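These numbers come from a predicted model, not from an experiment. Quick note: numbers below take in every heavy atom, side chains included, and nothing from hydrogens, waters or symmetry partners. Residues take their numbers from the sequence shown, with the count starting at 1.
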Amino acid sequence: MTTAAVNELGLAQLAAALTQGKITSVAATTAALDAIDASQAGLNAFRIVRREQALIEAADADRRLAAGERAPLLGVPLAIKDDTDIAGSPTAFGCGGDFPVKTEDAESVRRLRAAGAVIVGKTNTCELGQLPFTSAEAFGHTRNPWSAEHTPGGSSGGSAAAVAAGLVPAALGSDGAGSVRIPAAWNNLVGIKPQRGRISTWPLPEAFYGLTVNGPLARTVADAALLLDVAAGPHQGDLHTPPAVRVSEAVGRDPGRLRIALSLRTPFTAIKTELDREVQARVHATADALRRLGHEVTIADLHYGVLLGATFLPRSMVGIREVLNRMPGAEVDPRTTHNALTGRILSPALFAARRAEPLLRKRIGRFFNDYDVVLAPTTATPPPGVHDIDNISSWATDQLITTACPYTWPWNVLGWPSVNVPAGFTATGLPVGAQLMGPANSEPLLVSVAAQLEAELEWHKHRPTPWWTPAA
């Protein structure tokens with residue numbers, strides 16, 4: 001099997017090929033590593049590439065496969081985001097500076113390894129996950145596989161670019177205000193923001209005061225669901241332990257005729273936002289597809305309220321301050337320093353922000369008395385230019401990111417699941433997405449609907465032209 005053929009395979013396909021002996025883990029891992037190396041000068045998706053360690057792990061996986069051992073991802077090359085610890089590598093989280101090598105895997109990585117996965121590297125992320133861009137002084141700019149002049153989004157932009165380009169069949173990201181769903185939308189991928197606690201954030205009992213969760217990025221719903229199931233599960237130190245679900249079992253399962261609310265209303269922000277007409281048209285087209293599938297889709301705006309935003313900001317900014325304090329010697333952009341200072345100022349509001357959560361969940365949860373699922377834009381605009389975030393003030397940065405991405409953060413405050421599904425392309429060929437949003441622990445329902453849409457729209461058949469390879 002050629003490198004190109006290996007890189008065309010999805011997660012489940014590659015796992016099956018390894019089990020059936022059609023390819024070895026060493027060959028699959030080598031293909032991924034070679035594709036990463038060939039792409040790095042153009043895409044710049046990876047911060048750390050674990051070539052030597054990954055090939056040793058792949059050879060061990062081949063021995064286990066030959067001995068008849070089976071595990072869900074035995075021998076499959078995957079990537080993780082560089083906010084997640086893996087033993088033997090530092091965790092820079094987008095920052096410059098020298099950081100100690102981690103001695104233990106994060107719980108999510110431990111579970112991936114237990115399932116047999118080979119971690120080929122750590123993908124780029126912006127500083128402390130603050131932006132829907134993936135760029136920093138420490139590593140430069142990660143670019144979108146669909147257009148070299150545009151951002152792949154962030155903060156899980158390296159993971160999204162790696163998957164969209166076929167460097168790995170799937171990758172793990174994290175989502176604190178849309179950081180899985182936004183790059184999924186801008187790279188024609190499925191991105192799942194699970195229920196808070198579904199995938200452990202250990203060694204942190206919770207991340208960014210409960211805003212941030214880990215989640216999968218893949219080209220298909222089935223692959224994203226498989227990676228979610230493998231990575232999911234608690235650590236004994238976790239603050240949030242939702243009831244277990246098997247999301248993969250919902251793929252292909254008929255959810256029945258659902259009441260779906262199409263909500264284009266943006267949550268309250270201090271900055272004026274406007275939905276791009278092409279994005280709006282693609283979200284309406286997704287709604288039409290849901291109607292063809294037999295669902296009742298009604299235009300019904302979800303009213304988020306001012307309090308939701310007031311509870312988000314302290315948790316986000318205090319979280320930034322505390323992460324930065326845990327990274328002595330980190331070299332960061334002045335905007336990161338400014339946000340950390342804001343976190344110090346807002347720290348007295350943190351207690352009230354957390355106390356408001358049950359009230360917010362109860363108030364917004366009443367919407368689901370009338371509807372089963374909410375369909376909304378994932379972003380308000382197509383992907384911005386890769387350099388649009390460069391060398392602008394903190395205020396201009398806030399304007400840019402709020403104008404582009406006002407839709408995703410409320411579900412981080414609530415801790416509930418949301419799934420980005422590809423919604424098509426703009427006239428210039430840039431991907432955009434729509435998000436399916438549900439109440440607590442609704443991943444199986446959202447995945448079943450997303451899988452229906454995939455069968456109808458076949459987004460997984462669209463792949464970017466590889467401009468990032470030397471031969472291109």
Name the residue from Asn420, Thr408, Asp175 that meets the side chain to side chain donor-acceptor pair (under 3.5 Å) definition with Arg181. Asp175
Could you tell me if the side chain of Lys122 sits less than 4.5 Å from the side chain of Thr91, heavy atoms only? yes
Quick one about Asn44 and Gln40 (side-chain donor to acceptor, distance below 3.5 Å, no hydrogens or angles considered), yes or no? yes
Would you kindly say whether Arg344 and Asn325 are connected by a side-chain donor-acceptor distance under 3.5 Å? no
His284 vs Leu262 side-chain heavy atoms within contact, under 4.5 Å: yes
Salt bridge check, Glu206 against Arg315: does any charged N sit closer than 4.0 Å to a carboxylate O? no
Within the 3.5 Å criterion, strictly below it, is a donor on Asp83 or Thr125 matched to an acceptor on the partner's side chain? no
Between Pro382 and Leu430 the two heavy atoms that sit nearest each other are CB-CD1, 4.3 Å
Out of the candidates Asn214, Thr123, Leu172, only one should pair with Lys81 under the side-chain contact (heavy atoms from CB on, under 4.5 Å) rule; please name it. Thr123
Evaluate the side-chain proximity of Leu275 to Pro377: yes if any heavy-atom separation is below 4.5 Å, no if none is. yes
Would you indicate whether the side-chain heavy atoms of Val323 and Arg326 approach each other to under 4.5 Å? yes
If we only count heavy atoms from C-beta on, is the Ile192 to Val447 side-chain gap below 4.5 Å? yes
Is any side-chain N of the basic residue among Glu278 and Arg282 closer than 4.0 Å to the acidic one's carboxylate O? no
Would you call the rings of Trp409 and Phe312 parallel, tilted or perpendicular, taking 30° and 60° as the class edges? tilted
Side chain to side chain donor-acceptor pair (under 3.5 Å) assessment of His460 paired with Asp223: CA-CA 11 Å; His460 56 290; Asp223 283 351; over 6 Å; no
Could you tell me how the ring of Trp202 sits relative to the ring of His235: parallel (under 30°), tilted (30 to 60°) or perpendicular (over 60°)? parallel
Under the criterion side chain to side chain donor-acceptor pair (under 3.5 Å), I'd like the reasoning laid out for Thr397 against Arg335: C-alpha separation, chi angles, the key distance, then a yes or no. CA-CA 8 Å; Thr397 299; Arg335 290 170 287 187; 2.9 Å; yes
Do we see a donor-acceptor contact under 3.5 Å between the side chains of Glu357 and Thr311? no
So do Pro431 and Asn187 actually touch side chain to side chain, heavy atoms under 4.5 Å? no
Looking only at non-hydrogen atoms, find the nearest pair between Arg143 and Pro152 and report the distance. C-CD, 3.8 Å
Go through the side-chain N and O atoms of Ser200 and Asp238 and say whether any donor and acceptor fall under 3.5 Å apart. yes
Looking only at heavy atoms, what is the nearest atom pair of Ile320 and Ala340, with distance? CG2-N, 4.2 Å
Please report the C-alpha distance between Phe367 and Asp301 in whole Å, then the side-chain angles of each, then the deciding distance to 0.1 Å, and finally whether the side-chain contact (heavy atoms from CB on, under 4.5 Å) criterion is met. CA-CA 10 Å; Phe367 194 80; Asp301 279 329; over 6 Å; no
Below 4.5 Å, heavy atoms only, C-beta onward: do Asp85 and Pro203 meet side chain to side chain? yes
Note, Thr337 side chain near Val332 side chain (heavy atom, < 4.5 Å): yes
Considering non-hydrogen atoms only, spot the tightest contact between Thr201 and Thr212 and give its length. CG2-O, 3.9 Å
Walk me through whether Thr220 and Glu454 qualify under side chain to side chain donor-acceptor pair (under 3.5 Å). CA-CA 8 Å; Thr220 69; Glu454 181 177 284; 4.8 Å; no
For residues 439-448, which residue pairs pass the side chain to side chain donor-acceptor pair (under 3.5 Å) check, not counting sequence neighbours? Arg198-Asn441, Arg198-Glu443
With distance as the sole criterion, is a donor-acceptor pair present between the side chains of His295 and Asp372 under 3.5 Å? no
Minimum heavy-atom distance between Gly210 and Arg196, given as atom pair plus value: O-NE, 2.7 Å
